[in-house]
Structure formats: structure tokens, C-alpha cells
Amino acid sequence: MQTLTQRAEVRAFTTAARAAGQRIGFVPTMGALHAGHLDLVRRAVETCDVVVASIFVNPRQFNNIADLAAYPRVVEEDSALLAAAGCTALFLPEAAEMYPAPPVVSISFGPLEAVLEGAHRPGHFAGVGLVVAKLLHLVAPHAAWFGQKDLQQCAVIRALVRDLDFEVALEVAPTVRETDGLAMSSRNRRLTPAERAVAPTLYRALDAARTALLRGATVAEAEAEGRAVIAAEPAFRAEYFAVVDAHSLQAPDPAAGLPPTETAVVVAAHLGAVRLIDNVVLPPAVAGI
Ligand code: PAF
């Protein structure tokens, strides 16, 4: 696996691959890789000739400076994992390489960022949009992989690609979970053993709401059941817990039952110093029942 640190290098690398008729897959990350990231790489390797992963802890998407400082950085370990997973190249730029001058362009996602993560992390999706747009320009992949755990991120990137005519196929892979249900996340490694023990409560809460919807409860009742599971665990401070449309992220009628469109249950909660997010999506076939 080659490690490329300059924008010009990654451009030259993928331009040559394209010219040679190779299909290029891309997995953007912020490092501290876990089985969820490696699953994205595995999927890319399955269908592409060349797979580029990036590791860049993008300062512009952190609205909380302490969160940016605490974000785990384990580049050597990550690099070995990517090479073993079959990655062809790692793009590993410094912040000054990605942003040689303070950017003046700002991407806004309107209603998609007015809710959930966007409402609690002002500027977060502007930062994600900017860096993903730059990475897609630099790597120019045929396909790029993202994890469903960041459901709202998937929605804004889908809008970015559609509205700005990026020629890339977006692939969203299901969330990879620990055996106790906890969604894999780079932030999990910051949990204390006691916090780690109660962390799967989030998934139990999502599952309770999903089960309630499937047995015919209203949206409001399902949300109440899920919230009660989190409230019973005092270590958590919930930020939001909601049933939403999986694509528009807007709230359905709380007094109605399971909506006929693809529906998600989403949560964000603080556990000690760590903020965790998770979601479950009810597939349309089920949601249509
Ligand atoms: O999901 C992430 O790790 C980041 O938000 C991404 C897509 C790499 C952009 O910095």
C-alpha cells in the first residue's frame, strides 16, 4: 500500500489508474479504524481494482474543540489494518495540505441539517460537506463507501453528490455492531470500562422503539418506549431520540403508526465525556406493513 500525503500525489495516482481502465473505490475516514471501517474497505476491494482510503481528522467538522483534541489518532495501527484489508493507497494529508488557505466556500444543506446532529452540532455538516467535496474531487473515485451509523451524514452526502453532479456511486453499508449490540465507533475506545458496560443501552432503546412500531404503536408511543430505556440508565444524558423519515430526516405524524416510507429511529446521547450516536432503519418492505 502506498501512502500519499499531497493532494497532487493522490490526483496523479487515481488519474493514472483511471487512464489504465481501473475501477477506483474510495473509503474516507478520520482514522481510529474499527471493524466497521474495515467492512467498508472489504466491500470496496470486492468490486474495485484500486481502493483508496483517506485518514484526515477534519478540524472543520468539529464544533467542539475538546472533541477534536480528544479524537483518537493511531495512524501506524490504522495503516497496517488498511494494508492488510487490501487497500491500494492511503491518502494521509496534514491540515495545512487540505486547507492551504482558510476556505471561504461554505456548503449548506438546508432542512437536512436543521435537525438532529445538525441542530446539536452547528457547522458540523458544512465541515463534512466541504471536506467530502474536496476528497471526491481529489480522488475522483467511481464509487465511495459510507457507514449507515452516520445516517444524517449519508443523507447530506447524497444531496451533495446529487446537487453538485459528482460522478460517483454512493454505497451505504449497514452498521457493524459488537456482539452486545453497541455500534462500532472510533469514540468507543474513549469509554471507561464502566461506561462500555452500559453503552449497549442505546441499541436496546432503538430496538425497543423499532419493536413498538412493528407491533402497531404510534410514533409518539414508540419514542416514549425508547426514551424510557435510556432514562433508566442514569449514566446517559440523552440529546435526542426520534423516529424520522430515513431520507428527509423529518418527523412523521406522532399520532400515526409506522409510516409507509423508509423509517429510522435515531439517537444521540452523552455517556461521560463521550457523545455516541446510533440508529436503526426499518426497511421499506417492513415499513410498508
Ligand atoms: O465519517 C467520517 O469519518 C467523516 O465524517 C468523513 C466522512 C471522513 C469526513 O471527514
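Indexing begins at 1, ligand by ligand and atom by atom, following the structure's order. Start at 1 with the first residue, then count along the sequence.
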Just list the side-chain donor-acceptor pairs under 3.5 Å for residues 150-162, sequence neighbours left out, or say none.
| from | atom 1 | to | atom 2 | distance (Å) |
| --- | --- | --- | --- | --- |
| Gln152 | OE1 | Glu117 | N | 2.8 |
| Gln152 | NE2 | Leu112 | O | 2.7 |
| Gln152 | NE2 | Val115 | O | 2.9 |
| Arg158 | NH1 | His247 | ND1 | 3.2 |

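With respect to Arg204 and Glu233, no salt bridge is recorded, no charged nitrogen being found less than 4.0 Å from a carboxylate O. A salt bridge links Glu77 with Arg189; the closest basic N to acidic carboxylate O contact falls under 4.0 Å.
Residue contact check: Pro28 has heavy atoms under 4.0 Å from atoms 8 (C) of ligand 1. Taking every non-hydrogen atom of Thr29 and a distance limit under 4.0 Å, the qualifying atoms of ligand 1 come out as 8 (C). Every atom of ligand 1 with a heavy atom of Val131 under 4.0 Å away is listed here by number and element: 9 (C), 10 (O).
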query: Does the side-chain contact (heavy atoms from CB on, under 4.5 Å) test come out yes or no for Glu225 and Thr211, once each step is laid out?
result: CA-CA 10 Å; Glu225 286 198 30; Thr211 307; over 6 Å; no
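Of the candidates Gln153, Met30, Met98, Gln61, it is Gln61 that places a heavy atom closest to atom 9 (C) of ligand 1.
The environment of Glu76 atom CD is sparse: at most 12 non-hydrogen atoms of other residues, nucleotides or ligands sit within 6.0 angstrom.
For Ile157, no heavy-atom contact with ligand 1 is shorter than 4.0 Å.
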